[in-house]
Structures are given as structure tokens and as C-alpha cells.
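No hydrogens, no waters, no symmetry mates; every other heavy atom, side chains included, goes into these values. Please read these numbers as outputs of a predicted model, since none were measured by experiment. Start at 1 with the first residue, then count along the sequence.
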Amino acid sequence: FRQQQQTIQMTSQELFSVLPQNAVLIDFMVYNDFSPAGEGETEERREQRLLAFVIRSNSSIVRIDMGPIGPLGELIDEWRKQSRYPVGLLGQDHPGVALRKLLWEPLEASLVGAETVLISPDGPLCRFPFAALPGQGPDTFLIEERAIAVIPVPQLLPQLLASANTNEAPLSGGESLLLVGAVDY
């Protein structure tokens with residue numbers, strides 16, 4: 001219980017201190033935006049929007065407004081329908097290309113020099129593997145450009161990094177790679 005309470009009450013300074021120098025944490029947050037009724041309108045406007053907080057150990061937190069979440073959710077659903085087809089074969093019309101422009105490109109200026117990107121998704125972004133976004137070159141993927149890891153909540157980062165730094169032997173006893181494709185759910 002005490003450990004859980006400490007995790008909940010983590011400060012940004014504590015989070016900065018555990019982030020490796022070459023890593024960036026992107027914490028996405030979906031929120032409800034309420035705007036007052038405009039001229040000629042009778043009701044306030046409500047819209048779900050997406051924010052990205054880019055956190056580096058050696059700088060301040062950068063807040064990026066990613067816009068309405070609705071179009072992103074629709075693109076993610078479309079990407080999931082078409083995900084078994086390589087991006088290169090479908091060209092610029094593939095939803096992955098649009099997702100890269102809407103999700104990744106606004107963040108790139110804040111990611112310069114980062115070798116590892118830790119992503120804490122929210123809302124529809126939880127249904128999408130960021131590593132599968134198209135890369136900068138033709139027929140490439142983001143995973144080929146940077147190491148990407150998804151974490152459930154940033155407050156668990158110290159615990160996750162601590163368990164990764166222990167000297168426990170891997171279960172398999174050596175390096176291995178598991179690739180799975182064309183899974184029919």
C-alpha cells in the first residue's frame with residue numbers, strides 16, 4: 001500500500017530523475033474541451049481532444065495540442081482494418097501515412113537526439129502500435145528508426161526501469177526474436 005501511494009504521488013522531478021539521458025517519454029492525455037456557446041448557438045460545444053506531454057530528463061515538459069481525438073480514432077480504426085497490407089503497396093492513401101502526419105510529425109521536433117521513445121497512450125491510441133507507423137523512408141517503419149516502448153502509466157516508470165536493471169537471467173537463457181504475422185483474431 002505504501003509503495004502504491006508513493007507511486008501515485010510521484011512528482012515531475014522524480015520522473016525526470018529516472019529517465020535515461022537518451023530517452024523521451026510521451027504521455028498522451030484525452031480530455032473533454034468545453035467551449036461556451038458562440039453567437040447564434042444555444043449550447044456549449046463539447047469535444048474530446050488529445051494532448052501530448054513530452055518529457056526529457058534534461059529539459060522542461062513540452063505540451064503539444066494534438067487536436068480533436070475523433071479523426072485520429074477513425075484513422076486508427078481504418079488502419080486496423082487495412083493493417084495486413086504493407087504501407088508501401090498502398091501508397092499515400094494508407095491510413096498509416098495520415099496517422100504518421102497527425103500523431104508523429106508534430107512530436108518530431110521534441111524528439112531530436114532521442115534513441116528511445118517511451119509512450120504512454122490514452123483513449124483510442126491504446127489500440128494502435130506506434131512502432132508500426134510508417135518511417136521516413138519508403139517501405140520503412142518507425143521501429144526501424146527508434147526504439148519504442150509502451151508503458152501503461154508514467155508513474156510506473158521507476159518500477160519498470162528498476163526491474164529492467166536487475167541482474168536476473170532471461171528466461172530463455174539467450175537472445176531470441178519472436179515474429180508473428182497475419183494473426184486471424
Requested in this report: With the side chain counted from C-beta on, respond yes when Ser110 and Val24 share a heavy-atom pair under 4.5 Å apart, and no when they do not.
Outcome: no
Query - Euclidean distance, Phe28 CZ relative to Ile69 CD1, rounded to 0.5 Å - result: 9.0 Å
Requested in this report: Would you check if Pro154 and Ile55 make a side-chain contact, meaning some heavy-atom pair closer than 4.5 Å?
Outcome: no
Query raised in the report: Any side-chain heavy atom of Glu44 within less than 4.5 Å of one from Pro36?
Result: no
Query raised in the report: For the atom pair CZ (Arg146) and CD (Glu108), what is the distance rounded to the nearest 0.5 Å?
Result: 7.0 Å
**Report entry** Shared hydrophobic cluster for Val153 and Val150 (ILVMFWY, side-chain gaps under 4.5 Å)
**Finding:** no
Query raised in the report: If we only count heavy atoms from C-beta on, is the Arg56 to Val62 side-chain gap below 4.5 Å?
Result: no
Query raised in the report: Out of curiosity, Arg100 CZ to Glu105 CD, how far, rounded to the nearest 0.5 Å?
Result: 5.5 Å
Query raised in the report: Less than 4.5 Å apart, any side-chain heavy atom of Leu133 and any of Phe128?
Result: yes
Query - Any Leu118 side-chain heavy atom under 4.5 Å of Leu19 side chain - result: yes
**Report entry** All pairs passing salt bridge (charged side-chain N to carboxylate O under 4.0 Å, His left out) where residues 110-128 contributes a residue, at least two apart
**Finding:** Asp77-Arg127
Query raised in the report: Quick one: CG on Leu99 to CZ on Phe130, what's the gap to the nearest 0.5 Å?
Result: 8.5 Å
Query raised in the report: Tell me, do Leu103 and Leu125 make a side-chain contact under 4.5 Å, heavy atoms counted?
Result: yes
Query raised in the report: How long is the gap from CZ on Phe34 to CZ on Arg46, to the nearest 0.5 Å?
Result: 4.5 Å
Query raised in the report: Does the side chain of Val117 come within less than 4.5 Å of Leu142's, by heavy atoms?
Result: no
